[in-house]
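The structure under discussion is supplied below as structure tokens; questions concerning it will follow.
We number each residue from 1, following the sequence as shown. No hydrogens, no waters, no symmetry mates; every other heavy atom, side chains included, goes into these values.
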Amino acid sequence: MPIKYHQQSREFHLYNNHISYIIKILRNDQLGQLFFGQRVPDRDNHDYLVENTYRPVTSYVYDNDYSFSLGNLKQEYPAYGTTDYRLPAFELKQPNGSTITNFKYVSHKIFAGKPTLSGLPATYTENDDDATTLEVLLHDSLINVDLVISYTIFNHYNAIARNVRFINHAKVPYQLPTAMSMNLDLPDDDFDWMQFSGAWGRERQLKTSHLRPGIQSVGSTRGASSHMQNPFIILKRPHTDDFQGEAYGFSLVYSGNFLAQAEVDPYKVTRIQVGINPFHFSWKLGPQQSFQTPEAVMVYTSKGLNNLSQNFHHLYQKQLVRGYWRDRQRPILVNNWEATYFDFTEEKLLTLAKTAKKLGIELFVLDDGWFGKRTTETAGLGDWWVNHDRLPDGISGLAAKIHDLGMMFGLWFEPEMVNKDSELYRHHPDYIITTPHRHASQGRKQYVLDFSRPEVVDYVYQLMAKVLREGKVDYVKWDMNRNITECFSSAYPADQQGEIFHRYILGVYRLYDRLIHDFPKILFESCASGGGRFDAGMLYYAPQAWTSDDSDAIERLKIQTGTSYCYPTSSMGAHVSISPNEQLQRQTPLKTRADVAFFGAFGYELDLNALSPDELLQVKRQVTFMKKHRQLFQFGTFYRLKTPFNSNIVSWLVVSSDKKHAIMGYFKILNDINAEYRRQRIPGLDPSIEYQVTEEDGAQLGSFSGNELANIGLVTTDASAGENKETTDFYSRLFIFDAH
């Protein structure tokens, strides 16, 4: 097994062919961190890594012993108040007000495979020999509470998954105001911190800064992972780039309030913590009850950021995404929203669907406005039954007509929300999240349903399941356009109000689980005003997400590049929309819009019937091209060659698993004149194979070995190397590499 326990030194060594993770039971019976990085040979003892010298202004654990201070040690799951002054991984508040604890090692278990986390998304194994798990049991005898820290190392990825569970065996309740999913103390601070920040319409923009003394952090207090920050960070060495160098990635498999932070102490030790945001969180741990943290996934690489990303991509594609659609190519869709908005009839919808069918599109999606009294955004949310004034034959009738065309049928829901102008609110005003005797703020004329209450989740489930069953729906776009304010639930007492944010997202997960169980072949796509909840937690339920409401191809270069640092192309909903673009009013070529959208779950978000004959012909060719190369675009190994965060040229590459096929997207944001000659090296190919290189239009560029392409590169010089009367702003090319 790739986890060894050395009894004499009391050390654990987790390893595979690529990485090692070494921890130790310290002399006070708590867990210390010794090493995480490149695979090293196993040895019986790493005591030389336990450094704990005397330092002034330091407190020490043992009387008359100045050789042991927790403040000087690297730890696995540290507490505050017993000589370590850094921020703790957890706090446990006791009836007398104290938060001092002393969790000591009791025992451990090492076993093949990976257990599930009850009620929470997590990576999984299909075969026990895919991974090995270590569970370490610690106990505080004074308060009679267990602490179980779990580590799973995967055999084929540079990845370790971690989680923590608290179990109260006492007869009194405690409060957990902090319970992070992981802590990692690294021995130095020579790292660049990479975060993925933004706002609606410009999600996951890469921001990089060098670590400094003190705390750097990102997080959310909105009830969702948010457009503004993503529950994923990277620490990289300053010289590391996409192709070489050392880096650590930390991803939280969770969709609610989160915190990811790095604390650099005076001795340049870097403490990384990831988990539920402690702000406005406190969990009542009753007698004989337990609390389970979400899972955090850590990846290490010594081979650059592309390698880091590829580990996350392949792990999440194969061992986080589940079910019928995990390995299946995603259908090419057309969504009616930007074609009709709320102004549609069944005739309009069918006319659009018939045109889509002629072009080879496989899935027709009816967006907002089909239910209740929903003709604007001010009414109807929560009333999940068909509006027969708009669709006389109902959803089942429309779906049957779409199915008769030979197309799949999809439907939009926003199940977590309600308008006050709705039957749901009129009958159950108590179902919304709001604080008693306080004004309830609105967002987009809607309010958040209290999914911390099982009866609310049950109510929504019954309505959704009826529509899905009767309509034989194939695809669901699950939207969420509003974050939580006035967070309070009338169903819980005062000492449990700190649980509501977390209980809310557990309710969302429960609804997803029930629907997936009852409708296993439905393809779910998560959406939160676009990319407001694009996180690893949602991928466990919905294998793809609407990456951003901003569908402008040039902005999508940044959004999809930023997203790619953690999440695979198969998870990114990417559509061709109208030009001028709705969000930016930017005009881009139809070719460029498609070339960008190919690198994802591909579709169209426009009125096909408003296109010219030439544009319709282009769309038909695009659909044919995507069908031919869909497996490669969605499941190939993805490389960032040039990124929009530091270049006017953006290049993406996908390579098939057998290395016989590859496609490079080449995008020039702004045109230039009399420009330099350009070459692009192509990694990831088989150096011994000869590749025929063609462009999307069939133009042949020649035959080159994988060795030549990797070391010399492909000439990408265009007409801008001269007077330039051919290329334009927002120019794109696709290069196709086929072994022969």
If you draw the axis of the six-membered ring of Phe232, does the NZ or CZ of Arg204 fall within 45° of it and under 6.0 Å from the ring centre?
->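 Pair Arg204/Phe232 does not count as cation-pi.
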How long is the gap from CD on Glu11 to OH on Tyr5, to the nearest 0.5 Å?
->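 Those atoms lie 9.5 Å apart.
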Under a 4.5 Å cut-off applied to non-hydrogen side-chain atoms, are Glu416 and Trp478 in contact?
->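 Yes, their side chains come closer than 4.5 Å.
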Flag the pair Met538 / Tyr509 as yes when at least one side-chain heavy-atom distance between them is below 4.5 Å, and no otherwise.
->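 A side-chain contact under 4.5 Å exists here.
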Could you give me the CA-CA distance, side-chain angles and deciding distance for Gln310 and Thr637, then say whether side-chain hydrogen bond (donor to acceptor under 3.5 Å, both in side chains) is met?
-> CA-CA 7 Å; Gln310 289 157 11; Thr637 299; 5.8 Å; no
How about Pro115 and Glu135: do any of their side-chain heavy atoms sit closer than 4.5 Å?
->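 When only atoms from C-beta onward are counted, Glu135 and Pro115 do touch, with a gap below 4.5 Å.
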Mark yes when over 12 heavy atoms from residues, nucleotides or ligands other than Arg222 sit less than 6.0 Å from its CZ; otherwise mark no.
->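 Not more than 12 within 6.0 Å, no.
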Can you see which heavy atom on Met180 is nearest to which on Leu259, and at what distance?
->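 Between these two residues, the closest heavy atoms are CE-O, 3.7 Å.
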For Tyr267, does the OH atom sit with more than 12 other heavy atoms under 6.0 Å from it, leaving out its own atoms?
->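 Above 12, so yes.
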Audit row: Ser9, His46, side-chain hydrogen bond (donor to acceptor under 3.5 Å, both in side chains) steps and yes/no = CA-CA 8 Å; Ser9 61; His46 291 84; over 6 Å; no
Using the ring of Trp546 (Phe, Tyr or Trp, six-membered ring only), decide whether Arg556 places NZ or CZ under 6.0 Å from its centre and within 45 degrees of its axis.
->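 Satisfied, under 6.0 Å and within 45°.
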Kindly indicate whether the side chain of Gln634, heavy atoms from C-beta on, has any atom under 4.5 Å from the side chain of Gln544.
->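 No, side chains not in contact.
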Nearest-0.5 Å distance that lies between atom OG1 in Thr270 and atom CG in Asp188 =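 Here the interatomic distance stands at 6.5 Å.
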Would you please test Tyr254 and Glu295 for side-chain hydrogen bond (donor to acceptor under 3.5 Å, both in side chains) and show each step?
-> CA-CA 7 Å; Tyr254 186 64; Glu295 179 173 276; over 6 Å; no
Phe103 and Phe166 aromatic ring geometry - parallel, tilted or perpendicular at 30°/60° bounds =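 Plane angle over 60°, so perpendicular.
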Atom NZ of Lys236 and atom CG of Asp190: how far apart are they, to the nearest 0.5 Å?
->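 Spacing of NZ (Lys236) from CG (Asp190) equals 10.0 Å.
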Looking at Phe191, is Arg237 sitting on its ring face, NZ or CZ under 6.0 Å from the six-membered ring centre and within 45 degrees of the normal?
->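 Judged by the rule, Arg237 and Phe191 form a cation-pi pair.
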State, with a plain yes or no, whether a side-chain heavy atom of Lys104 is found less than 4.5 Å away from one of Asn28.
->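 In short, these two side chains do not touch, never coming nearer than 4.5 Å.
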Are Phe501 and Ile484 close enough, and set up right, to give a side-chain contact (heavy atoms from CB on, under 4.5 Å), and what steps lead you there?
-> CA-CA 8 Å; Phe501 275 117; Ile484 295 173; 3.7 Å; yes
In sequence, state the C-alpha distance, the side-chain angles, and the governing distance for Asn155 and Asn16, and then conclude on side-chain hydrogen bond (donor to acceptor under 3.5 Å, both in side chains).
-> CA-CA 6 Å; Asn155 290 353; Asn16 58 25; over 6 Å; no
To the nearest 0.5 Å, tell me how far Lys558 NZ sits from Thr643 OG1.
->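 Between Lys558 NZ and Thr643 OG1, I get 10.0 Å after rounding to 0.5 Å.
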In chain order, what residues pass the salt bridge (charged side-chain N to carboxylate O under 4.0 Å, His left out) check against Glu76, with sequence neighbours excluded?
->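 In terms of salt bridge (charged side-chain N to carboxylate O under 4.0 Å, His left out), with neighbours along the sequence ignored, Glu76 is linked to Arg162.
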Distance in Å, Arg533 CZ paired with His227 NE2, rounded so as to fall on 0.5 Å steps |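 With rounding to 0.5 Å, CZ (Arg533) is 10.5 Å from NE2 (His227).
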Should Phe154 and His314 be marked as a ring pair (Phe, Tyr, Trp, His ring centres under 6.0 Å) after you check the CA-CA gap, both sets of side-chain angles, and the distance that decides it?
-> CA-CA 12 Å; Phe154 297 90; His314 296 149; over 10 Å; no
Any salt bridge between Asp84 and Arg271, counting N to O under 4.0 Å?
->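 Yes.
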Charged N to carboxylate O below 4.0 Å: is that the case for Lys318 and Asp327?
->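 The answer is yes: the pair qualifies as a salt bridge.
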Answer yes when Asp130 and Lys114 have at least one side-chain N-carboxylate O distance shorter than 4.0 Å, and no when they do not.
->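 No.
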Pairwise distance CZ(Phe599) to CZ(Phe633) - rounded to 0.5 angstrom =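 With rounding to 0.5 Å, CZ (Phe599) is 5.0 Å from CZ (Phe633).
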Ring-face cation of Arg322 near Tyr124 (centre distance under 6.0 Å, axis angle within 45°) =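 The answer is no; the distance or angle limit is not met.
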